[in-house]
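In the text below, chain A, chain B and the rest are named by the order of the sequence lines, each starting its count at 1. What you see is a predicted model, and the numbers here were worked out from it, not measured in a lab.
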Protein chains: 2
Amino acid sequence: MKADATLTDDKATGATSGKKPPKKRDAQATQKRILAAAKREFARNGLGGARVDVITEKANVNKRMIYHYFGSKDQLFKRILEEAWTDIRTAEQKLELDHLPPKAALEKLVRFTWQYYLKNPEFINLVNSENLHRGAHIKKSETIEALSTRFMAMVGDILRRGEADGSFRANIDPVQLNITIAAIGYYYLTNRYTGSIIYKRELMDEKALDERLSFNIETIMRLVAAD
Amino acid sequence: MKADATLTDDKATGATSGKKPPKKRDAQATQKRILAAAKREFARNGLGGARVDVITEKANVNKRMIYHYFGSKDQLFKRILEEAWTDIRTAEQKLELDHLPPKAALEKLVRFTWQYYLKNPEFINLVNSENLHRGAHIKKSETIEALSTRFMAMVGDILRRGEADGSFRANIDPVQLNITIAAIGYYYLTNRYTGSIIYKRELMDEKALDERLSFNIETIMRLVAAD
DNA sequence: CTTAATTCACTAAGTAGTTAGTTTCATAAC
DNA sequence: GTTATGAAACTAACTACTTAGTGAATTAAG
C-alpha cells in the first residue's frame, strides 16, 4: 500500500519505493523558488497588492521559509529590486558598446533598452512599484549605486566619442539623453492598456512594436545629430 | 449651556444659537469631499494600497456614504479616473492650439504637458495604477473614449498644418508623436525617486526641472523638423 | 549530537462591504 | 402657519474574511 505516497507528490520529487519518501532539503533551491515567485507576484500586483500567501503557494514552500530567508515582505521586495537592476545592468555591459562607432553604439543601446523591456515585463512594473513607494527600498541599496556609476560612464563615453568624431553635436547631457532613451520605450509599454484605449489602436502586435522601435531610433538619432 | 456645541463643530458649519446645532445636509458637498479624498488616497497608494477607511476619514464622512454614492471601491476608482482625464483633456482644449502657427502650437503643447504633470502629480499615479490593473476600469468608459478623439484630432491638425507650410517633415504619425511628448515628461517625473538614486542627481529642484523642459522641447522640435 | 531546513497551528490587526436603523428636509395637507 | 409624510442624507456597530507575521515543534543531514 503506497496510498500515502500520493499525498506528497507535490513536485518532481519522484517518490521512491520506501514507506517514507524523504523530502529533499535544498536551501538554495528553496530561495530561488521564492525569489522567482516573488518577482512574478510583485510585478503583477505591486508591493501593496502582492500577497505573501500567493508567493508561498507558487513557490511551493512553507510560508515560514519566506520569513526565515528574507525577514519580511519589504526586505524580500528590496532583494527582488536589486536582482532586477543587476540583471539589466549586467546585460547592458555585455553589449560592449565601447567597441562600436558612436552612432552604432547609440542605436544599439536604444534597441537593447526597448527589447529588454519587452522581454522582461516585470522590470517595468517593479520599478513603478518602487517609485510609488518613493524609492524607500533602494535608497539604502549599495548594490544599485555601484551598478549605476559604471553604466552612466559608458553612456558618457559614447557621447564624448561622437562629439570628437563629429557625428554628434556638442554638450549633450548624458543623464538627459539616457532618461529620454528609457522614457520613450518605457512609457509606451507601461501605459499600453490606457494607451490602446486612448489612441484606439492595437499597441502590442508585432507591427506596432516594430514601428515604435523605428520611431524611437529616429527620435534619438535626430536628438544627437550634429547640425 | 452650549457645551455639546463644541462636539459638532466638525467643519465650517458655523454652529448657530439653538440647543441642537442641526447638521447641514449637502449631498453634493459630501460627494465632492469623497472624490477629493479618494483622488489623493488612490494617487498616493494605488488602487490596491488605498484604504476605504482612510478616504472615509479624510473626507469626514461616514463610510456608508461612499457605498451609497459610488457603489464600490472600484467604481469610485473608475470615477476618479474619468474626472482626471476630463480635467487634462479640458485644459488641453483651452490652449486653442489651432490659432497658433504649427511650431508654436507644438512647443506650447510640450510645455503644457510637462507643466500639467508637474502641477497635478496625482494624474501620473492614477494612470500608473490603472495600467497595473490592465486598464480594467476605463475599458468600459465612454467618457474617456470621447475625450480622446477630439484631442488626437487637434494633434493631427498641427502636424498637417506644419507639413503644409514646410515647417515639419512629412508623414509623422500623430499617435507616435503624442506618445513621445507624454513619455519624455511622464517618465522623468514618475521615476524621479529611483532616478535620483541611479543618476546621483537632484531631479526635482527648479533648475533641474527647467533643464528637463528645455531638453524635451529640443527633443520634439528636432524630431519633427523638416530636413 | 548539533545545526539548519521545514512544518504546523496560531494571532492580532486590518479589510471591504453591510445591516438596520436615525435624522433632516422639502412638500403638501390640514 | 403649523403639522403629517415620504424620500434622501447620514450614522453606528458589525460581519465575514484576509493579511503579514510567529512560537514552538519536527525532521533531515553532516
Between [atom2] of [N] and [atom1] of [X], the distance in whole Å:
X	N	atom1	atom2	result
A:Asp74	D:dA20	CG	P	11 Å
A:Ile34	C:dA5	CD1	P	11 Å
A:Phe77	D:dA20	CZ	P	14 Å
B:Asn45	C:dG14	CG	P	15 Å
A:Gln28	C:dT6	CD	P	12 Å
B:Tyr67	D:dA12	OH	C1'	16 Å
A:Asn62	D:dT22	CG	P	14 Å
A:Ile66	D:dA20	CD1	P	9 Å

Sugar-phosphate, base or nothing in reach of A:Phe70, heavy atoms under 4.0 Å: nothing

Sugar-phosphate, base or nothing in reach of B:Ala50, heavy atoms under 4.0 Å: sugar-phosphate

Is the shortest side-chain N/O distance from [X] to OP1 or OP2 of [N] below 4.0 Å?
X	N	value
B:Arg51	C:dG14	no
A:Tyr69	C:dT6	yes
A:Thr30	C:dT6	yes
A:Arg64	C:dC8	no
A:His68	C:dT6	no

Can you tell if the side chain of [X] reaches within under 4.5 Å of the side chain of [Y], non-hydrogen atoms only?
X	Y	result
A:Tyr186	A:Asn128	yes
B:Thr219	B:Leu223	no
A:Asn120	A:Ile88	no

Inter-axis angle, terminal five-pair segments of the helix from C:dC1-D:dG30 to C:dC30-D:dG1 [nearest 10°]: 0°

Distance in Å, A:Gln31 CD paired with A:His68 NE2, rounded so as to fall on 0.5 Å steps: 8.0 Å

B:Glu202 atom CD, neighbour heavy-atom count above 12 within 6.0 Å: yes

Given D:dA20, C:dG17, C:dA5, the nucleotide with the shortest approach to the side chain of A:Val52: D:dA20

Ring centroid separation A:Phe42 to A:Phe77 under 6.0 Å: yes

Polar side chain donor-acceptor pair, A:Glu82 to A:Ser141, under 3.5 angstrom: yes

Distance-only donor-acceptor test, A:Lys63 side-chain atoms vs D:dG21 base atoms, 3.5 Å: yes

